[in-house]
Amino acid sequence: MEWLKRLKMASVKKSIPGLILFVALAAALLFFTKCYGVAGMLSPKTLAELTPETMDGAFVEDDIYFLYTPYLEIQRYKSGQQPRTTAMQYLTDFDDVYYMGLYVRSGRLEEAEEMMSICEDYMYGDASEEDVPILHVRGRIRAMDEDDLGYYMEIAEGDEEWAELLLPYYLEVDYINNLPIWGSIAFLAAAFLLLGLGIVPIIKAFCGGFQKQVRSKLEESGPLEMEAEKAERFYDSAQEVSGVKMDRNYVFFQNGAESVLLRPWDLAWAYQSTTQHRTNGIPTGKTYSAILRTMDGKTYTLGMKEQQVQSLLSAIQTSLPGVVLGYDDELEKLYKSDRAAFRRRWEDKMPELGQTAPQ
C-alpha cells in the first residue's frame with residue numbers, strides 16, 4: 001500500500017498552491033472589507049456597557065434618545081440634477097459626560113431627520129420630552145477620519161473644555177466599516193467560501209480522497225493490497241509521456257490533485273483540443289489540451305503544450321491500439337449513442353496486448 005501513500009502525498013503537493021491562493025484571497029477580502037466586524041453581532045453591546053477606552057470597534061445595538069445637532073451633511077451630485085443628501089452625521093450622547101457622532105445613511109435618514117426636528121423643537125420649548133421619538137440603532141463604532149473629525153470639532157467652537165467631551169468616534173447606523181451590514185455578511189460568507197475552497201482539497205488529499213478512483217479500479221481486479229503492488233511495479237517501470245504512464249496493463253495520470261488509474265480498454269477515444277483566445281476580437285494566443293474519453297462516459301482534460309499533446313497521442317497509438325484517435329462530429333455522435341462500438345474495437349485489438357476481453 002506504499003504506492004497509494006506516495007500518490008496521496010503527490011495529491012497533497014498538488015493541493016498546496018490552491019490552498020495558498022484561496023487563503024490569500026480570503027485574507028485580502030477580510031483585510032480590505034473588514035467584514036470580520038460582523039462577529040460583533042453575535043454579542044452586541046449597549047452604549048452603557050462601553051467606556052471611551054473600549055468603544056472603538058464595538059458593535060452596538062441600543063436606543064438613541066436625543067440628537068443635538070447635525071454637524072456634517074454628505075451629498076451626491078449628478079450633472080444637471082439637484083444635489084441629493086445621502087447621509088448625515090449628528091451629535092448624540094455617549095454617556096452622562098461625553099458625546100459622540102451618529103452616522104446615518106439614506107436608508108434611515110428620514111427617520112433621523114424627523115427625530116432631529118423634534119429635538120430642535122424640544123430645545124426651543126416647542127415640544128415636550130415625551131414627543132421626542134426613540135431611534136433604535138445597530139452598527140459598529142469606529143474612529144472618525146480626518147475630514148469628518150474636522151467638521152465634528154467645529155461644534156466646540158474653540159472651547160477646549162467642551163472639545164475634550166467630544167469623543168472622536170461615531171456609530172455607523174446599519175453599517176460596519178463603510179459597508180452595509182448585509183454586505184459585510186456577504187463578504188464574510190465569501191471569505192469563508194474561499195477558505196473552504198482552499199482547505200477542503202488539502203484535507204481530502206491528506207485523507208486519501210483523491211485516490212478513491214484508483215482504489216476502486218484496483219479492487220475490480222482482486223484484493224486491494226495485491227493489486228496495488230502490481231500497479232506500483234507498473235508505476236515505477238513505465239515511461240511517462242506528457243504526464244501519462246501506460247503499458248499493456250494500466251494507464252495512469254494525475255488530473256490535478258486526483259489520481260486516475262485506468263485499464264487500457266477503459267480508454268475509448270483521445271484527441272487534441274485547441275482553444276483560440278481573443279481580446280477585443282484580436283487573437284492573443286492558443287491553449288492546448290489532450291482530451292481522454294472513457295468507456296463509462298467520463299472526460300479528462302489534460303492541459304499541456306501542443307507538442308506534448310502530439311507526443312501523448314503518438315504514444316497512445318503505439319501502446320494502446322484500441323483507442324480511437326482524432327476528433328470529428330461523427331465520432332462525437334457515435335460516442336454518445338453507441339459506446340459499444342468503441343468497446344468492440346478494443347475487443348478486436350486486445351490480442352495485440354496479450355490480453356483477453358474483460359468479463
Side-chain angles (χ1 to χ4, degrees), residues 28-77 83-95 97-119 132-156 163 165-192:
L29 189 61
L30 291 171
F31 177 79
F32 287 110
T33 67
K34 296 181 173 59
C35 57
Y36 48 77
V38 168
M41 294 179 64
L42 300 175
S43 56
K45 305 293 184 181
T46 62
L47 293 174
E49 295 178 84
L50 302 174
T51 66
E53 292 75 28
T54 62
M55 63 189 299
D56 188 18
F59 188 90
V60 170
E61 184 167 2
D62 205 350
D63 292 325
I64 299 296
Y65 295 96
F66 205 82
L67 300 177
Y68 291 95
T69 182
Y71 61 86
L72 178 61
E73 179 178 4
I74 301 170
Q75 295 183 328
R76 176 176 294 176
Y77 291 84
R84 181 171 65 90
T85 300
T86 58
M88 296 283 289
Q89 294 184 27
Y90 305 92
L91 180 69
T92 191
D93 291 296
F94 174 68
D95 54 19
V97 178
Y98 294 102
Y99 300 87
M100 61 181 287
L102 190 72
Y103 194 158
V104 184
R105 291 175 171 84
S106 55
R108 302 286 301 278
L109 198 52
E110 184 176 344
E111 185 181 357
E113 281 291 272
E114 180 181 355
M115 182 178 183
M116 184 71 252
S117 177
I118 297 173
C119 288
V132 178
I134 295 173
L135 186 66
H136 187 77
V137 299
R138 64 173 186 166
R140 196 163 186 254
I141 295 176
R142 70 185 184 102
M144 297 179 181
D145 60 32
E146 186 175 348
D147 291 337
D148 291 351
L149 184 60
Y151 292 109
Y152 177 68
M153 296 309 297
E154 287 179 3
I155 297 172
L165 304 180
L166 301 177
L167 300 175
Y169 303 98
Y170 51 55
L171 191 158
E172 291 186 286
V173 178
D174 294 335
Y175 271 68
I176 297 174
N177 296 312
N178 274 329
L179 279 175
I181 288 175
W182 64 264
S184 295
I185 293 173
F187 277 120
L188 187 63
F192 276 112

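Throughout, numbering of the chain's residues begins at 1 and tracks the sequence.
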Side-chain polar contacts of residues 52-63 - donor-acceptor pairs under 3.5 angstrom, sequence neighbours left out - could you list them?
residue	atom	partner	partner atom	Å
Glu53	OE1	Thr51	OG1	3.3
Thr54	OG1	Thr51	N	2.9
Thr54	OG1	Thr51	O	3.4
Thr54	OG1	Thr51	OG1	3.1
Glu61	OE2	His136	NE2	3.1
Asp62	OD2	Leu47	N	2.9
Asp63	OD1	His136	ND1	2.7

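- Separation of atoms CG (Leu167) and CG (Leu50) is listed at 11.0 Å; rounding is to 0.5 Å.
- Using a 4.5 Å cut-off on side-chain heavy atoms (C-beta onward), Met116 and Pro70 make contact.
- For CZ of Phe187, the number of neighbouring non-hydrogen atoms (other residues, nucleotides, ligands) closer than 6.0 Å is 12 at most.
- Between Leu67 and Leu91 the shortest side-chain heavy-atom distance does not fall below 4.5 Å.
- Side-chain contact check for Ser117 and Glu114: no donor-acceptor pair (N or O, by modelled atom type) lies under 3.5 Å.
- Side chains of Glu113 and Tyr90: a donor-acceptor N/O pair is present below 3.5 angstrom, by distance only.
- Put simply, the residue from Tyr71, Tyr169, Tyr68 that forms a ring pair (Phe, Tyr, Trp, His ring centres under 6.0 Å) with Tyr152 is Tyr71.
- If you check the side chains of Arg142 and Asn177, you find no donor sitting under 3.5 Å from an acceptor.
- Looking at Met88 and Ile74, their side chains never come closer than 4.5 Å, going by heavy atoms from C-beta outward.
- Residues Tyr99 and Thr92 have side chains not in contact (no heavy-atom distance under 4.5 Å, counting atoms from C-beta outward).
- Rounded to the nearest 0.5 Å, atoms CE (Met115) and CZ (Arg108) are 10.5 Å apart.
- Closest non-hydrogen pair, Thr85 versus Leu109, comes out as CG2-CD2, 3.7 Å.
- A distance of 11.5 Å separates CG of Asp93 from CG of Leu165, quoted to the nearest 0.5 Å.
- Between Asp148 and Asp145, the closest heavy-atom pair is N-OD1, 2.8 Å.
- One distance of note links CD of Gln89 with OH of Tyr151; it measures 10.5 Å at 0.5 Å rounding.
- For the pair Leu171/Ile64, no side-chain contact is recorded, criterion being any heavy-atom separation below 4.5 Å from C-beta on.
- In this structure, a donor-acceptor pair under 3.5 Å is present between the side chains of Gln75 and Tyr77.
- Put simply, the side chain of Glu172 gets close to the backbone of Asn178: a donor and an acceptor are under 3.5 Å apart.
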Just distance, no hydrogens or angles: give the donor-acceptor pairs under 3.5 Å from side chains in residues 32-43, sequence neighbours left out.
residue	atom	partner	partner atom	Å
Thr33	OG1	Leu29	O	2.6
Thr33	OG1	Cys35	N	3.3

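- Counting heavy atoms from C-beta outward, Asp174 and Val137 have side chains that stay 4.5 Å or more apart.
- In the displayed structure, Arg105 atom CZ is contacted under 6.0 Å by more than 12 heavy atoms of other residues, nucleotides or ligands.
- Taking every heavy atom of both residues into account, Met100 and Phe94 meet most closely at SD-CD1, 3.7 Å.
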